[in-house]
Amino acid sequence: MSNSQRDLIARANASIAAAARALSADPQRPCIHFLPPANWMNDPNGMILWKDRYHLFYQHNPYGPLWGNMHWGHAVSGDLIRWQHLPAAIAPTPGGPDKDGIYSGCCVDDGGRPTAVYTGVRPECQCLAVGDEDLLTWEKEPANPVIAKAPPGYDAGFRDPWVWQEGAQWRMLVGSGRVGHGGAVLLYRSKDLRRWEYLGPMVEGDARETGRMWECPFFFPLGDKHVLVIHPIPMSRAIYMVGRYADGRFLPETAGSVDHGTQDFYATHFIRDRQGRQVMVAWLREARSQEAQQRAGWSGCLSLPREVYLKPDGHLGQRPLPELAALRRKVWRAENVRMTRERMTLTSELGGESLEVRVQARLLESGTLTLRLRRSPEGQEETLLIYDRWNGTLTLDRQRSSLDATVNRGPKSCPLKLGAEEALDLTVYLDRSVVEVFANGGTAMTCRIYPTRADSTGVDFLWTGSTTEVERFEVCELA
Ligand code: DQQ
């Protein structure tokens, strides 16, 4: 690492350490989700399994809790769940092609040399840095940028390289778009990661449906198909396409939203784990004002790791990693409860700020199940997860999720149709200001909430309808 890069990294780390001291008592700060010791994070970047440990890099502002001064932060984990912070990895080089920021990208193993491929700004261009054997210090490639600009016409953006190996060659996808036409992912190939040949757009969208630019593309094989994930501007959500890939062309067959929390779940990143599972994480952005983020001294966190898989209908399914069970502590459980009255509640004896809540219930055609989460004793604050069996919809109602009227309390909703014999199966992770909901092995809905009262810790279950069977209602403390 050059002396100037070393000084920049040392300055970034000192800034983080000073800011971190103040944050430990913040009741909104998640404790089972990864986030930097202090200040801002957004996209996860460059995840790689290296010497049997998972490395995570991420978009990080070491100097404040708002977006800016983009560096790559760094953490390491043995299980993708418990992370250890490491010093910031890559800083912008004054006067270099990344002088205005180290934007998103990936890491590859180039014959034993860990190599980060990222977007330098401004203008947006693709750059390389090579790491030491522990991925702690990074040398910028002298020939940066390795791709200086977008091909003619693709002027809506040119960023977030995703690189993989195909035979003896490398392939790179870069997020882009044509003004007036739509978002696109541009395909390149190279033998050495340094000289790249443009092959053309791999997929292009229609601006009226999927926006003018696609950020953070991800592309990987899954079963006998391939999956492309993009993040369209201005829709600000993660969209997947499942289809067939051959000869540099990808033909989507199905598509959908990765997570129905829409903008609260963004910039997904994937890694093939030790067991061969395709694991996804994403940036969970704040749903509160910049002033609130500034006051808090931190912003953004990483979702819990989820395995993605192909569902029989050809869509993308997802489930939280079963290893998350290692976070469970005390458990309270009710089993085989018959709800016989028109309106009946079942209250958990266990509450808290970081919980896993599970429900398995066979519901009759008509009826509504409401999980009341982070509920204060009189319900002044509560977040409602409502399943309407008749309409087949799952809704997160955040109207009373916080007494702070400045936070975003809009609802999130998605279709969830159950087969005649199918039980409702919900798993919810609550972690202070984070809610992650998984339903019936495939559907996910993630959002942020900001309860203000210390006693907004209750969980109960309300059923309105005729007789129904609750097979299991379980609440676990997480730590
Ligand atoms: N965030 C990065 C960009 C990317 C965007 C900059 C997505 O590389 O397009 O922080 O959140």
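On a predicted model such as this, the values are computed, not experimentally measured, just so you know. Counting starts at 1 for both ligands and their atoms, in listed order.
Two residues are said to be in side-chain contact when any heavy atoms from C-beta on lie closer than 4.5 Å; Val229 and Ile239 fail this criterion. Side-chain contact between Asp79 and Glu323 is absent, with no heavy-atom pair separated by less than 4.5 Å.
Side-chain atoms of Arg448 come within 3.5 Å of backbone N or O of Ser433 as a donor-acceptor pair. At distances below 3.5 Å, at least one donor-acceptor pair connects side-chain atoms of His60 with backbone N or O atoms of Trp40. Under a 3.5 Å cut-off, the side chain of Arg288 and the backbone N or O of Ala292 do not form any donor-acceptor pair.
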What does the contact table look like for ligand 1 (nitrogen or oxygen on each side, cut-off under 3.5 Å)?
| residue | atom | partner | partner atom | Å |
| --- | --- | --- | --- | --- |
| ligand 1 | 1 (N) | Asn42 | ND2 | 3.4 |
| ligand 1 | 1 (N) | Asp43 | OD2 | 2.8 |
| ligand 1 | 8 (O) | Ser104 | N | 3.1 |
| ligand 1 | 8 (O) | Asp160 | OD1 | 2.5 |
| ligand 1 | 9 (O) | Arg159 | NE | 2.8 |
| ligand 1 | 9 (O) | Asp160 | OD1 | 3.4 |
| ligand 1 | 9 (O) | Asp160 | OD2 | 2.6 |
| ligand 1 | 9 (O) | Glu215 | OE2 | 2.8 |
| ligand 1 | 10 (O) | Asn42 | ND2 | 3.0 |
| ligand 1 | 10 (O) | Gln59 | OE1 | 2.7 |
| ligand 1 | 10 (O) | Trp67 | NE1 | 3.0 |
| ligand 1 | 11 (O) | Asp43 | OD1 | 2.8 |
| ligand 1 | 11 (O) | Asp43 | OD2 | 3.3 |

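A cation-pi arrangement, defined by a distance under 6.0 Å to the six-membered ring centre and an angle within 45 degrees of its axis, is absent between Arg244 and Phe250.
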